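Reviewing the structure listed below.
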Amino acid sequence: MKIKSICCIGAGYVGGPTMAVIAQKCPNVKVTVVDINEARIAAWNNEDLSKLPVYEPGLDAIVKDARGRNLFFSTNVDAAIDEADTIFISVNTPTKTYGKGKGMAADLKYIELCARQIARVAKEDKIVVEKSTLPVRTASAIKSILDNTGNGVQFQILSNPEFLAEGTAIEDLLKPDRVLIGGEMTAEGEKAMQALVDLYASWVNRDHILTTNVWSSELSKLTANAFLAQRVSSINAMSEICEKTGANVAEVSKAIGMDSRIGPKFLSSSVGFGGSCFQKDILNLVYIAKSYGLDEVANYWEQVVLMNNHQKNRFSDNIINTLYNTVSGKKITFLGWAFKKDTNDTRESAAITVADNLLNEHAKITVYDPKVSEEQIFSDLEYLNSRDPKQNRALLKVEKDPYLAMKDAHAIAILTEWDEFKAYNWQKIYDHMLKPAFIFDGRRLLDHEMLKSIGFECYEIGTGN
Ligand code: NAD
Ligand code: UGA
């Protein structure tokens, strides 16, 4: 069989960019991305491409090319399911905030709603593709719902996890290290897998398209994120030893990364990893391990998250200690709020935890981020529920001009590695700050020799000075 019409449920950071690339590379396939969030769909349809709901370098050009030709964004979920031969489920799978597994397990309510909706609407056989990141064995739950509540049509369930990273999503989608497709090892399963392989083969070399059983595919996604996050926590653990011993974490990273068995990537020490997935997926893995009674396995992986929490907290503790043990009433400017550069996504950003810790100490924070809106920043703080929204607004300001943001500040904290920060006129910034002028570089972004020669008091993760 050949895939001719796709419906993707979920127009988020994965659904939007992934489907835009499929539509661009497969002009004969109709791709409809649907979502229950009307504002999000309206933004995807906005004529002004700078208003797309997801900021990703290169995304606007692809949307411009394909939208209205074979790429459509709609809130009519039923119609898109009905029309498609293949349905991607790309909805969010956040950590549960209630009931059994609260704070650990993945909340699969959105997945189940999708499965029930597909079962209700589908009048013909369909391939259902898990694009969301899911606990291993979710496919059996989806299959059970589809088979028991459907209209007697056949469903093939494939697992096709997404490995894109935000900020480089388009690059990652155009040239993926691999595409992973898991399916049932039956004749029908093989046929469905082949159809999806053929779709990706429109632009991905077949050697990079891997097929496995469903459970390996589901588990490989959680494993990949756990291994990546583990590298960041490992180098962050070393950053603290470096600060005590005079070693330099960048030199240590380079030295170990040149060992081809270790490799150079994902060894940048930082204020802590953020993003919507690392923490949630590891906690999910921990929960799965615990549910099988594998306590040692669970404890091993949980340590990656605990180390990350420590890294964020020790960054804010250091700011407080350095500013003479009190930040009350002091202006501290945050450069960056997003969880990494080149994205407007702030989910689990280290900046949120650091801000919350400093606000608890009554600091006055001013935030500048080139892509994150004021509304998003306050919504991130309100979600924590640490204080009432009025207090957040009294203590934290969002500024659109970076120089104004840093004027009269006691200290600057670099929370995101946006390139533009490197090009600022640091002499001018120094001249307009209170003295001593402190910089806490949580991303090892700036040239500290230059800053020190201007007169700044510097702290850098992994060297301490
Ligand atoms: P997101 O929150 O940006 O988008 C999910 C969208 O699904 C939302 O717009 C929501 O309104 C919509 N939705 C939820 N239930 C729906 C329903 N019943 N019908 C229609 N729409 C519905 O999430 P995301 O970042 O795109 O992540 C989606 C999945 O992909 C998650 O499982 C995540 O773990 C995984 N993933 C994310 C990334 C990433 O970089 N963000 C990378 C790889 C995998
Ligand atoms: C990550 C994975 O890299 C993707 O493969 C995966 O698809 C995705 O999660 C997902 O499942 O959601 P993402 O979170 O978008 O992608 O971004 P990363 O580049 O992995 O960065 C995650 C966090 O780790 C960021 O806060 C980043 O600043 C931090 N990081 C990364 C470091 O602190 N040091 C590093 O060396 C690398």
Side-chain angles (χ1 to χ4, degrees), residues 7-19 33-41 43-44 53-54 56 73-78 80-81 88-95 106-118 130-135 138 160-169 172-173 176-178 221-222 224-229 231-236 239 249 253 257 264-282 284 308 311-312 336 338-343 345-351 415-417 442-444 461:
C7 159
C8 173
I9 309 180
Y13 282 85
V14 169
T18 309
M19 292 302 130
V33 192
V34 292
D35 206 294
I36 40 178
N37 182 334
E38 288 179 14
R40 217 166 203 188
I41 290 297
W44 279 113
V54 170
E56 274 295 338
F73 295 93
S74 161
T75 50
N76 194 340
V77 184
D78 280 3
I81 292 174
F88 284 76
I89 302 180
S90 188
V91 300
N92 37 330
T93 49
T95 304
D107 191 344
L108 297 180
K109 70 178 170 202
Y110 306 108
I111 296 286
E112 174 156 352
L113 282 172
C114 289
R116 288 185 184 275
Q117 190 163 7
I118 296 167
E130 297 175 345
K131 182 51 100 179
S132 298
T133 302
L134 297 170
T138 304
N160 172 221
E162 184 47 61
F163 295 100
L164 69 80
E166 290 177 27
T168 53
D172 297 341
L173 287 163
D177 283 350
R178 77 324 207 164
K221 174 62 196 176
L222 294 182
N225 276 357
F227 270 60
L228 290 169
R231 283 175 70 97
V232 180
S233 274
S234 295
I235 201 66
N236 281 343
S239 73
V249 78
S253 290
K265 294 183 182 167
F266 257 73
L267 288 178
S268 301
S269 180
S270 68
V271 56
F273 62 73
S276 62
C277 294
F278 278 178
Q279 175 170 307
K280 127 178 125 59
D281 292 348
I282 293 177
N284 184 209
N308 196 50
Q311 188 75 349
K312 293 186 275 187
F339 80 96
K340 63 186 282 199
K341 73 170 178 177
D342 291 340
T343 178
D345 196 348
T346 63
R347 289 176 288 182
E348 301 295 343
S349 178
L415 275 307
T416 313
E417 72 281 23
R443 294 291 183 163
R444 306 183 45 82
I461 289 269

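As the structure lists them, so they are numbered: ligands from 1, and atoms in each ligand from 1. Worth saying up front: this structure is predicted, and the values here are computed from it rather than measured. Numbers here are sequence positions counted from 1.
With hydrogens and angles ignored, the 3.5 Å screen pairs no side-chain donor or acceptor of Ser269 with any backbone N or O of Ser239. A distance-only check finds no donor-acceptor pair linking the side chain of Ser349 to the backbone of Thr346 [under 3.5 Å]. Here the side chain of Thr138 pairs no donor or acceptor atom with the backbone of Leu134 at under 3.5 angstrom. Without hydrogens or angle criteria, Arg231 side chain to Lys265 main chain gives a donor-acceptor distance under 3.5 Å. Remark: the backbone N or O of Ala11 is paired with a side-chain donor or acceptor of Trp44 at under 3.5 angstrom. Of the possible donor and acceptor atoms, one in the side chain of Lys131 sits under 3.5 Å from a partner among the backbone N and O of Asn160. A donor-acceptor pair under 3.5 Å is absent between the side-chain atoms of Asp342 and the main chain of Glu56, judged by distance alone. One N or O on the side chain of Ser253 and one on the backbone of Leu267 form a donor-acceptor pair closer than 3.5 Å. At distances below 3.5 Å, not a single donor-acceptor pair connects side-chain atoms of Thr416 with backbone N or O atoms of Lys340.
For atom 33 (O) of ligand 2, the nearest protein heavy atom (residue, atom name, distance) is Ser270 OG, 2.6 Å. Shortest contact from atom 24 (O) of ligand 2 to any protein heavy atom: Phe273 CB, 3.2 Å. Protein heavy atom in closest approach to atom 18 (P) of ligand 2: Lys340 NZ, 3.6 Å. When hydrogens are left out, the protein atom nearest atom 30 (N) of ligand 2 is Val232 CG2, 3.9 Å; that is the closest non-hydrogen contact. For atom 34 (N) of ligand 2, the nearest protein heavy atom (residue, atom name, distance) is Ser268 O, 2.7 Å. For atom 5 (O) of ligand 2, the nearest non-hydrogen atom of the protein is Phe163 O, 2.7 Å. Closest to atom 9 (O) of ligand 2, if we only count protein heavy atoms, is Phe278 CE2, 3.6 Å.
Every atom of ligand 2 is numbered from 1 in the order shown, and the set under 4.0 Å from a heavy atom of Glu162 is 7 (O). Every atom of ligand 2 with a heavy atom of Asn225 under 4.0 Å away is listed here by number and element: 2 (C), 6 (C), 9 (O), 10 (C), 11 (O). Distances below 4.0 Å separate heavy atoms of Lys280 from the following atoms of ligand 1: 33 (C), 34 (O). Per-residue contacts place Leu164 under 4.0 angstrom from the following atoms of ligand 2 (heavy atoms of the residue considered): 4 (C), 5 (O), 6 (C), 7 (O), 8 (C). Using a 4.0 Å cut-off to heavy atoms of Leu267, the atoms of ligand 2 that qualify are 36 (O). Close contacts between ligand 2 and Cys277 involve ligand atoms 10 (C), 11 (O), 12 (O) [criterion: under 4.0 Å to a heavy atom].
The part of Arg443 lying near ligand 2 is the side chain, judged by heavy-atom distances below 4.0 Å. Residue-level proximity to ligand 2 for Leu228 is carried by the side chain, the only part with a heavy atom below 4.0 angstrom.
Residues Glu417 and Lys341 are not paired through a salt bridge, judged by the lack of any N-O separation under 4.0 Å between the basic side chain and the carboxylate.
At under 3.5 Å, a nitrogen or oxygen of Thr93, whether backbone or side chain, sits near a nitrogen or oxygen of ligand 1. Ligand 1 has no nitrogen or oxygen under 3.5 angstrom from a nitrogen or oxygen of Lys221. Taking distance alone, with nitrogen or oxygen atoms compared against 3.5 Å, Phe163 stays at or beyond that limit from ligand 1.
Note on ligand 2: Lys221 sits in its first shell, one or more heavy atoms being nearer than 4.0 Å. Within the structure, the closest approach of Lys341 to ligand 2 does not fall below 4.0 Å when heavy atoms are considered.
Side-chain atoms of Glu166 and Arg347, non-hydrogen and from C-beta on, do get closer than 4.5 Å to each other.
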